[in-house]
*Asks:* 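Submitted below is the structure of interest, expressed as structure tokens.
Not measured: the values here are computed from a predicted model. Letters go in sequence order (proteins before strands), and every chain restarts at 1. Any value given below was found using the heavy atoms of this structure, including those in side chains, with hydrogens, waters and symmetry copies removed.
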Amino acid sequence: MLDATQNHSLPARPGVGYKAQHYSDIMENPGPLGWLEIHAENYMGDGGRPLAQLRHLAERFPISVHGVGLSIGGEGDLDADHLARLKHLIGWLNPASFSEHLAWSTHDSHFFNDLLPLPYTEQTLARVATHINQVQDTVGRQMLLENPSSYLAFAESTMSETDFLRELTQRTGCGLLLDVNNVFVSATNLKTSPQAYIDDFPLEAVGEVHLGGHDEDEDETGAPLLIDSHGKAVVDPVWALLDYTLAKSGPKPLLIEWDTDVPPWPILADEITRADRALTLITS
Amino acid sequence: MTVTQSAFKAAVLDPAATVPTGIVNPDGAAASKRFDVYRNNVAVSLSDALESAFPVVRKLVGDEFFRAMAGVYLRKHPPKTPLMMFYGDAMPQFLRRFEPTKSIGYLPAIARIELAMRHAYHAKDVAPADAQALTTLASDALMSTKLSIAPATQTVTSDFPIHAIYLANTQADAPKPVMQPQAVVITRAGFDPQIHLVNAAAATCIEALKKGQSLGQAIATADDTLDLGTVLGLLLAQGAVTEIY
């Protein structure tokens, strides 16, 4: 159990997932941009331009380190080498926030570069809590855990995702990263209510909110199947779900995630402006 | 009805496999198209990583062929770490053994160049040594001198014109490759790796220096086509010598 009162947090302003092609735009004309998020694994080389750029960015902006490869839900032990790399990155960068996913991606020393799903059982809960404790003890700070996008369910699950996440925060002192696009995707795919999910979510533990775009497909029964692609603009129902969430939670750091088919900076700047308006709406 | 991660993994990598029992849609029925989202995510993200890692190999074999080959590679060699920037280390050996590419003799060396360029891009930043220290040494002292070589520095040697092939596929005005053996050294003076044409003796000598051998020992590893002045001039000009001792 980690003391969650350490002085690490992001400002309740819009942030963006950093892409190297936007370096000059961000440095020259950030607008309402308040912070940046990086994928931890992209900055685990030994040197070169990525680390040099990151050092410059960190002088100007609070940085959120978002891991995509820790496999915190893996059945096996956490990858000690990878944990050591994370500790090193967090050590020298001293970011404003560190987050990872409720998912697994490594099994038998093979990494799949995707966030694979977990059944919500007592057994999974115990394992994930142990791994979160190990991560927080190793990096010496609180981590935020992100809710996944779900495409399917496990017959063996015995608890809801929101209960599962709440229990994790209580057992480990971790915070949560609430991805409202993931909430919308999962609720559509699993035929549940996204508003009910937000109502059940432990909003007091949320240290960051993600917003991103998704693709639309159908399953073999003709039911909608939304896919979390991070390759499009945030859709209106997700902006509405954000407003619903912020009205209950108060202002939070908001991240625009756009990882594939990354657009030119002005398009991202529009999304940032819209996130800024959502924050202004609840503070005015 | 527990779905183990090894059962999940096996089905995710094999499109023909049955989806593990216990994976369901919201109505409790089997969910194979939903499971396919993960199959597709894994295959597409790993193929994309290979495409961006090996643009020249891809150009040489064609987009469609590369995509199909990546599908075979990613199932035979899934990543061993989450550092996707280094994914594809087994590509040269794979190309040498893969039936449709094994007869294309230069491909493995081109893949090695592309791996070396990427490793150089992410290599540790180092300060170059003062070249003056070398020019003032007497010749017998020079032979026992050792050089620390910047970690970005790598060589590739081939029976094929790999420098010419690499240039012809990355630069608009490069001449057509002519059949001959070629060797290259990759360096990184600033942030962008550079590729230089050298002869095989120079590559041998640089590899010996990297292992910590003295200049005299390194010269002895190479044949008499070695031009030491050119090798040292190149390494010093590229900031690839970090210590002279």
*Asks:* Considering only heavy atoms from C-beta outward, does the side chain of A:F112 approach that of B:L13 to under 4.5 Å?
*Replies:*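 Yes. Closest side-chain heavy atoms under 4.5 Å.
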*Asks:* As an exercise: rank B:A31, B:A123, B:A29 by heavy-atom pairs under 4.5 Å with chain A and give me the winner.
*Replies:*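 Looking at each of B:A31, B:A123, B:A29 in turn, B:A123 comes out on top.
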*Asks:* What part of A:L51 lies closer than 4.5 angstrom to a heavy atom of chain B: side chain, backbone, both or neither?
*Replies:*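 When you check distances to chain B, no heavy atom of A:L51 falls under 4.5 Å.
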*Asks:* Heavy-atom pairs under 4.5 Å with chain B - which of A:P119, A:A153, A:G69, A:A223 has more of them than the others?
*Replies:*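 The answer is A:A153.
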*Asks:* Using heavy-atom distances under 4.5 Å, tell me whether A:L152 contacts chain B through its side chain, its backbone, both, or neither.
*Replies:*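 Its backbone and side chain both get close to chain B.
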*Asks:* Check chain B against chain A and list any donor-acceptor pairs under 3.5 Å.
*Replies:*
from, atom 1, to, atom 2, distance (Å)
B:V3, N, A:E156, OE2, 2.8
B:Q5, N, A:E75, OE2, 2.8
B:Q5, OE1, A:E75, N, 2.7
B:Q5, NE2, A:G73, O, 3.0
B:K9, NZ, A:H110, ND1, 3.2
B:G22, O, A:A155, N, 2.8
B:V24, N, A:A153, O, 2.8
B:V24, O, A:A153, N, 2.8
B:D27, OD2, A:K191, NZ, 3.1
B:S32, OG, A:E220, OE2, 2.9
B:K33, N, A:E220, OE2, 3.2
B:K33, NZ, A:E218, O, 2.6
B:R34, NE, A:D219, OD2, 3.0
B:R34, NH1, A:Y151, O, 2.8
B:R34, NH1, A:N189, O, 3.0
B:R34, NH2, A:N189, O, 3.3
B:R34, NH2, A:D219, OD2, 3.1
B:N41, ND2, A:D114, OD2, 3.4
B:S45, OG, A:N113, O, 3.3
B:S45, OG, A:N113, ND2, 3.2
B:P79, O, A:F111, N, 2.8
B:H122, O, A:D46, N, 2.9
B:H122, O, A:G47, N, 3.0
B:A123, O, A:G47, N, 3.4
B:A123, O, A:G48, N, 3.4
B:D125, OD1, A:G48, N, 2.9
B:D125, OD2, A:G48, N, 3.4
B:D192, OD1, A:R49, NH1, 2.9
B:D192, OD1, A:R49, NH2, 3.2
B:D192, OD2, A:R49, NH2, 3.0

*Asks:* Measure the spacing between CZ of A:F154 and CZ of B:F8 and express it to the nearest 0.5 Å.
*Replies:*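 So the gap between those two atoms works out to 5.5 Å.
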*Asks:* Considering only heavy atoms, which portion of A:L116 lies under 4.5 Å from any heavy atom of chain B: side chain, backbone, both, or neither?
*Replies:*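 Both backbone and side chain of A:L116 come within 4.5 Å of chain B.
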*Asks:* Let me know if A:A40 has heavy atoms under 4.5 Å from chain B in its side chain, its backbone, both or neither.
*Replies:*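 Contact with chain B: none, neither part.
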*Asks:* I need the residue from B:V12, B:L46, B:L83, B:L74 with the largest number of non-hydrogen atom pairs under 4.5 Å to chain A.
*Replies:*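 Option with the top pair count is B:L83.
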